[in-house]
K.L.:
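Here you go, one structure.
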Amino acid sequence: METGGVIDQQSIVEVEIDALRLTGSPRLAGERQEHIEILAAAPNPLPPIIVHSPTMRVIDGFHRLRAARLRGDTTIVARFFDGDESAAFVLAVQLNVTHGLPLALHDRRSAAERIIDSHPHWSDRRVASITGIAPGTVGEIRRRLGSGVTAPDERRLGQDGRMRPLDGTAGRLRAGELLTETPGLSLRQVARAAGISPETARNVRNRLRNGEDLLPRSRRRDREAEPGHEPVTEARPGAGTAARSAPVSAARSEPAALRRAHAVARARADAAPDRVVLVKRLTADPALRFSETGRSLLRLFAIHAVREEEWEAIIGNLPPHCRGIVADLAVQLAHMWSEFAERVGEDVAQIG
């Protein structure tokens, strides 16, 4: 749901301040007085506020409106939004996450609860992209609210506006087979063919490369709990009844295509050069060193080219009160890098 761009296209009008309502903010603790005073003293005009046309309720710009009142203004510039109340709240969260004074973590979690309640068919990633928290956190909130019990064939609306099955087990397995049989396929091609999102296709590809099970642990537990799903057992010579009923490893019970995929992925992972070595190799490339964009890319890579023990030291020394924000930022940056990798990979495939 990308409404920010649509709002920017709306006409700017002057509105009487006394006609506006200040209710329903996603900021639970209300406005910050020091921020209001800073805005009131700003020498330049402030951006227009966003107002819900049917109710005249302020969607975005609570601090700017209070700053205008503090200055003694009687009117304020605004843009109008015509959607319903639930859409107005989603827009309020979306705008407050991406600009101005950011919402606190507990504000974003509370907003996610409300959006899950009003838009239960939205995927965790879609809600996460609006509220600025991790998809896993949205899933936890959904389960806590009792919204996690779903029909096997239930579908949810993703970030790209497409409806997909909530249980992506079959899609993940199909994606694994496609990536094994045709490694040159782009993530978007795999996603379309397997009926999953590009992000899930990326996760499957990463799991293949690392030699991991294609299904997350929670999915494997759900699959094993399905009626009629018998754990595969193996008898060992000389073993008793208990030994004969012991489950075989996940690799033994996988389809042959996926066993081959995991073997290839493990070989690739073992042969992959160390990322620090790769960054040094790129740094020596004149095509990157002598262009502005190349140097920018090398600087970004250099920041990430730290050893495992350095990451552990950073994690171990993070102040507790910062961990939530750091985790959310890391997830957002990881999504940006993943999208960057996908686009670069697709360009390489086209050149090849």
Side-chain angles (χ1 to χ4, degrees), residues 1-8 22-32 35 47 49-50 52 57-63 81 83-148 150 154-164 166 168 197-200 202-203 216 218 320-339:
M1 180 178 181
E2 299 297 334
T3 51
V6 175
I7 284 295
D8 290 341
L22 285 173
T23 60
S25 171
R27 204 178 303 278
L28 301 179
E31 295 71 55
R32 295 186 186 178
H35 191 61
I49 65 173
I50 309 299
H52 188 221
R57 181 174 62 80
V58 175
I59 294 174
D60 179 56
F62 279 56
H63 286 94
F81 174 71
D84 60 24
E85 287 277 9
S86 63
F89 181 78
V90 169
L91 178 60
V93 175
Q94 193 173 22
L95 294 176
N96 277 278
V97 164
T98 56
H99 72 227
L101 189 64
L103 293 176
L105 180 58
H106 66 276
D107 292 331
R108 287 178 277 142
R109 284 175 175 270
S110 176
E113 291 185 12
R114 184 166 165 180
I115 293 173
I116 289 170
D117 183 61
S118 62
H119 299 78
H121 60 290
W122 281 10
S123 71
D124 291 348
R125 286 199 182 98
R126 189 179 181 90
V127 176
S129 70
I130 292 167
T131 56
I133 60 179
T137 303
V138 176
E140 292 173 4
I141 293 172
R142 193 188 297 272
R143 287 188 290 273
R144 178 167 52 80
L145 293 176
S147 304
T150 55
E154 181 171 345
R155 303 170 74 85
R156 286 200 184 138
L157 186 67
Q159 287 178 257
D160 57 1
R162 296 183 179 181
M163 298 294 290
R164 291 190 175 87
L166 183 57
S197 69
E199 191 64 32
T200 301
R202 181 183 292 112
N203 180 269
S218 59
H321 67 279
C322 294
R323 287 178 176 266
I325 297 175
V326 170
D328 286 339
L329 280 173
V331 169
Q332 293 179 41
L333 292 172
H335 283 312
M336 291 173 61
W337 275 112
S338 295
E339 182 66 24

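All figures in this text were calculated on a predicted structure; none of them were measured in a lab.
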K.L.:
Please find the pair of heavy atoms, one from Arg142 and one from Pro120, that lie closest to each other, and give the distance.
P.N.:
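Closest approach of Arg142 to Pro120: NH1-O, 3.3 Å.
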
K.L.:
Give the minimum heavy-atom separation between Val97 and Gly132, together with the two atoms involved.
P.N.:
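Looking at all heavy atoms of both residues, the shortest contact is CG1-CA, 4.1 Å.
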
K.L.:
Taking C-beta and beyond as the side chain, do Trp122 and Val90 meet within less than 4.5 Å on heavy atoms?
P.N.:
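Of all side-chain heavy-atom pairs linking Val90 with Trp122, at least one is under 4.5 Å.
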
K.L.:
Using side-chain contact (heavy atoms from CB on, under 4.5 Å) as the criterion, list what pairs up with Arg109, not counting sequence neighbours.
P.N.:
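Applying side-chain contact (heavy atoms from CB on, under 4.5 Å) to Arg109 gives Leu105, Thr137, Ile141.
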
K.L.:
Checking side chain to side chain contact (heavy atoms under 4.5 Å, CB included) for the pair Val127/His119: CA distance, chi angles, key distance, verdict?
P.N.:
CA-CA 9 Å; Val127 176; His119 299 78; over 6 Å; no

K.L.:
On the 0 to 90° scale, with breaks at 30° and 60°, tag the His52-Phe81 ring pair as parallel, tilted or perpendicular.
P.N.:
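Tilted, since the angle between the ring planes falls between 30° and 60°.
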
K.L.:
Please name the pair of heavy atoms, one in Ala134 and one in Asp328, separated by the smallest distance, quoted to 0.1 Å.
P.N.:
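Heavy atoms of Ala134 and Asp328 come nearest at N-OD1, 3.6 Å.
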
K.L.:
At what distance, to the nearest 0.5 angstrom, does OG1 of Thr131 lie from CG of Asp124?
P.N.:
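It comes to 10.0 Å.
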
K.L.:
Can you tell me how far the CD1 atom of Ile133 sits from the CD atom of Gln332, to the nearest 0.5 Å?
P.N.:
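Reported to 0.5 Å precision, the distance equals 10.5 Å.
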
K.L.:
Could you check if a side-chain atom of Arg108 sits within less than 4.5 angstrom of a side-chain atom of Val93, using non-hydrogen atoms only?
P.N.:
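Counting from C-beta outward, Arg108 and Val93 never come under 4.5 Å.
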
K.L.:
Ile59 and Asn96: which non-hydrogen atoms are nearest, and at how many Å?
P.N.:
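Scanning both residues, the minimum pair turns out to be O-ND2, 4.2 Å.
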
K.L.:
Taking Ser129 for the side chain and Arg126 for the main chain, is one N or O donor matched with an acceptor at less than 3.5 Å?
P.N.:
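Present.
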
K.L.:
May I ask you to establish whether Arg114 and Phe89 are in a cation-pi arrangement, using a distance under 6.0 Å from NZ or CZ to the six-membered ring centre and at most 45° from the ring axis?
P.N.:
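Here Arg114 passes the 6.0 Å and 45° test against Phe89.
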
K.L.:
Sequence neighbours excluded, which residues qualify as salt bridge (Lys or Arg N to Asp or Glu O under 4.0 Å) partners of Glu85?
P.N.:
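For Glu85, the residues satisfying salt bridge (Lys or Arg N to Asp or Glu O under 4.0 Å) (neighbours in sequence not counted) are Arg57.
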
K.L.:
Kindly indicate whether the side chain of Arg143, heavy atoms from C-beta on, has any atom under 4.5 Å from the side chain of Glu140.
P.N.:
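They are in contact (side-chain heavy atoms under 4.5 Å apart), so the answer is yes.
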
K.L.:
Looking at OG of Ser25 and CG of Asp60, how far apart are the two atoms once the value is rounded to the nearest 0.5 Å?
P.N.:
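Those atoms lie 9.5 Å apart.
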
K.L.:
Please tell me if the side chains of Arg202 and Glu339 come closer than 4.5 Å, counting only heavy atoms from C-beta onward.
P.N.:
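Heavy-atom side-chain distance check passes, below 4.5 Å.
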
K.L.:
Using atom types as modelled and distance alone, determine if a side-chain donor or acceptor of Ser338 lies under 3.5 Å from a backbone N or O of Ala334.
P.N.:
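Side chain of Ser338 to backbone of Ala334, a donor-acceptor pair under 3.5 Å: yes, one is there.
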
K.L.:
Please report the closest heavy-atom contact between Leu101 and His35, naming both atoms and the distance.
P.N.:
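That closest heavy-atom pairing would be CB-NE2, 4.0 Å.
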
K.L.:
In Å, rounded to the nearest 0.5 Å, how long is the span from CG of Leu28 to CG of Leu103?
P.N.:
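Those atoms lie 8.5 Å apart.
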
K.L.:
Is a donor on one side and an acceptor on the other found under 3.5 Å between the side chain of His63 and the backbone of Arg32?
P.N.:
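It does hold such a pair.
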
